[in-house]
Amino acid sequence: MDSGQSNEQALAAAPSDPAGPADQARINDVTEVPLDIPAHVAAVSTGSCGAVVTFIGQVRDHDPDAAGQVTGLDYSAHPDAGRILAGIADRFRTEFPQVNLAVSHRIGHLDVGDLALVAAAASAHRGVAFDACERLVEAVKAEVPIWKKQYEVDGSHAWVGLA
């Protein structure tokens with residue numbers, strides 16, 4: 001929250017022109033299609049939003065549980081994963097009515113550097129946009145039934161997130 005602004009003022013600063021249903025339907029999903037950062041930003045950006053926060057999760061070349069260098073991942077999802085992700089986004093839209101939100105998770109084979117998760121949050125003020133984006137990402141990671149098979153440079157692999 002910006003200094004000098006009360007909680008009530010921040011809550012009253014709701015975006016007056018949230019992203020339309022067509023934009024939201026295109027964004028809030030679990031998909032095999034490469035994720036589009038500008039599309040997520042466009043889906044949440046409006047004239048009343050002074051802050052746009054993004055989170056970009058990309059495949060990295062290492063993992064604490066890996067014995068060697070990571071070369072790629074295969075993401076698999078439960079058939080209801082898209083519905084669950086959209087429900088989480090809706091839940092956070094209710095919790096943060098002053099914030100426009102968009103989030104997508106990729107499935108299929110991803111190489112190091114590919115985008116696995118993109119989230120965007122826009123609001124009149126940065127504090128609430130940061131909070132909403134962080135909490136949205138944490139909920140997606142904790143609640144959406146997506147698992148990854150992690151490949152290492154020696155050809156070995158391990159499943160992550162099955163517990």
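The model shown is predicted, which means the values in this text are computed figures rather than measured ones. Residues take their numbers from the sequence shown, with the count starting at 1.
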Might you point out which heavy atoms bring Pro145 and Ala81 nearest each other, and give the distance in Å? O-CB, 4.0 Å
Which atom names give the shortest non-hydrogen contact between Gly72 and Val112, and what distance separates them? N-CG2, 4.4 Å
Considering the options Val118, Leu117, Ile27, which one meets the side chain to side chain contact (heavy atoms under 4.5 Å, CB included) requirement together with Val103? Leu117
If two hydrophobic side chains count as joined below 4.5 Å and joins carry through other members, does Val70 share a cluster with Ile107? yes
Over all heavy atoms of both residues, which pair between Ala89 and Leu136 is shortest? Give the atoms and the distance, please. CA-CD1, 4.1 Å
After noting the C-alpha distance and the side-chain angles of Lys149 and Ser76, does the key distance pass the side chain to side chain contact (heavy atoms under 4.5 Å, CB included) rule? CA-CA 8 Å; Lys149 185 176 184 180; Ser76 300; over 6 Å; no
Is a side-chain N or O of Ser156 found less than 3.5 angstrom from the main chain of Glu152, in a donor-acceptor match? no
Taking all atoms of both residues into account, what is the closest heavy-atom pair of Ala77 and Trp147, and its distance? C-CZ3, 3.7 Å
Rounded to the nearest 0.5 Å, how far apart are CZ of Phe55 and CD1 of Ile37? 11.0 Å
Taking the side chain as C-beta and beyond, is there a heavy-atom pair between Glu143 and Ile88 under 4.5 Å? yes
Can you see which heavy atom on Phe96 is nearest to which on Val128, and at what distance? CD2-CG2, 3.7 Å
Once rounded to the nearest 0.5 Å, what's the spacing between atom CD of Glu138 and atom CZ of Phe92? 9.5 Å
If the plane angle is over 60° it's perpendicular, under 30° parallel, otherwise tilted; pick one for Tyr75 and His105. perpendicular
Do Val52 and Leu35 belong to the same hydrophobic cluster, where Ile, Leu, Val, Met, Phe, Trp and Tyr are linked whenever their side-chain heavy atoms lie under 4.5 Å apart, directly or via other members? yes
Tell me if a side-chain donor or acceptor on His125 pairs with a main-chain N or O of Gly127 at a distance below 3.5 Å. no
Enter the distance from Arg91:CZ to Ile84:CD1 here, rounded to the nearest 0.5 Å. 11.0 Å
When hydrophobic residues are tied together by side-chain contacts of less than 4.5 Å, even through go-betweens, does Phe130 share a cluster with Val41? no
I would like to know whether Arg106 and Val59 meet side chain to side chain contact (heavy atoms under 4.5 Å, CB included); could you show each step before the answer? CA-CA 11 Å; Arg106 180 108 182 262; Val59 177; over 6 Å; no
Atom pair CG/CG of Asp80 and Leu85 - distance to nearest 0.5 Å: 12.5 Å
Report the distance from atom CG of Asn100 to atom NE2 of His40, rounding to the nearest 0.5 Å. 13.5 Å
Would you say Ile56 and Val53 are hydrophobically clustered, going by side-chain heavy atoms of ILVMFWY under 4.5 Å? no
Taking all non-hydrogen atoms of both residues into account, name the closest pair between Arg93 and Leu101 and its distance. NH2-O, 2.9 Å
When rounded to the nearest 0.5 angstrom, what distance separates CG in Leu110 from CD in Glu32? 10.0 Å
